[in-house]
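This report concerns only the one structure given below.
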Amino acid sequence: SSDLWTSDSELLLVGRIDGSLGLLEVADASTMHRYELEHCYRKDVAVTSIAWFSEDRQFAVGYTDGKLLIGTREPLEKGGFVLIDAHKEAIVNMKWDPSGLILMTCAKEDTVKLWGCLEKRWRSEE
């Protein structure tokens, strides 16, 4: 749709227990559109955490199996998503730093990692 993600709309990224992701666009009090981000689906692995620094940047999705997805809302963008084997157990929380360049993930096994993209590759520090 040509009016998708207009500057006046609010966006909400929704992760589901079946591993799917949806994007809700709220245009006004009575108008809402739902879009499925099928390029980011993971079958039968529940989403446990989502962090999105800003609507024009990448988002991060954590799963029960400890994997981390870094993705965009547009599947055609170069590097539309990256799936990382981040933790041994479920990711329970994530947060971007104030610059939106470093992502902190925390897993059920009490492990915290800092992630950054260097030379188009995501790497972590514990």
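- When the shell of 6.0 Å around CG of L24 is examined, it contains more than 12 heavy atoms from other residues, nucleotides or ligands.
- Between L37 and H39, the closest side-chain pair of non-hydrogen atoms falls below 4.5 Å.
- Each salt bridge (Lys or Arg N to Asp or Glu O under 4.0 Å) pair with one or both residues in residues 36-46, not counting sequence neighbours, appears once here: R16-E36, R34-E36, R42-D65.
- Nearest heavy-atom pair, A51 versus L103, reported as atom, atom and distance to 0.1 Å: CB-CD1, 4.2 Å.
- Tracing side-chain contacts under 4.5 Å through hydrophobic residues (I, L, V, M, F, W, Y), one never reaches Y41 starting from I17; they form parts of separate clusters.
- Sequence neighbours left out, the pairs with a member in residues 83-103 that pass salt bridge (Lys or Arg N to Asp or Glu O under 4.0 Å) are K67-D85.
- Minimum interatomic distance between C40 and L21 (heavy atoms only, all atoms of both residues): CB-CD1, 3.5 Å.
- Interatomic distance, CG of L23 versus CD of E55, reported as 8.0 Å (0.5 Å rounding).
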Practice task
Kindly determine whether I84 and I70 satisfy side-chain contact (heavy atoms from CB on, under 4.5 Å), including the steps that lead there.
Solution key: CA-CA 8 Å; I84 302 165; I70 306 290; 4.1 Å; yes
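- Aromatic ring pairs are classed by plane angle as parallel below 30°, tilted from 30° to 60° and perpendicular above 60°; the pair H87 and W115 is perpendicular.
- Considering all non-hydrogen atoms of both residues, V14 and I50 come closest at C-CD1, 3.9 Å.
- When all heavy atoms of M94 and G62 are compared, the pair lying nearest together is CE-N, 3.4 Å.
- Residues satisfying the ring-ring contact (aromatic ring centres under 6.0 Å, His included) test with W96, not counting sequence neighbours, are none.
- T72 approaches F59 most closely through the heavy-atom pair C-CE2, 3.3 Å.
- Not a single side-chain hydrogen bond (donor to acceptor under 3.5 Å, both in side chains) links N93 to another residue, sequence neighbours left out.
- For D28, the side-chain hydrogen bond (donor to acceptor under 3.5 Å, both in side chains) partners at least two apart in sequence or on another chain are S30, T31.
- Note on L69 and V45: same hydrophobic cluster, where clusters join Ile, Leu, Val, Met, Phe, Trp and Tyr whose side-chain heavy atoms are under 4.5 Å apart, directly or indirectly.
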Handout entry: Worked check of side-chain contact (heavy atoms from CB on, under 4.5 Å) between T105 and L68
Key = CA-CA 9 Å; T105 59; L68 169 65; 4.2 Å; yes
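- Note that CG of L12 is 12.0 Å distant from CD of E25, once rounded to the nearest 0.5 Å.
- Not a single side-chain hydrogen bond (donor to acceptor under 3.5 Å, both in side chains) links W52 to another residue, sequence neighbours left out.
- What you find for I91 and S49 is that their closest heavy atoms are O-CB, 4.2 Å.
- We find the CG-OH distance between L11 and Y35 to be 9.5 Å, quoted to the nearest 0.5 Å.
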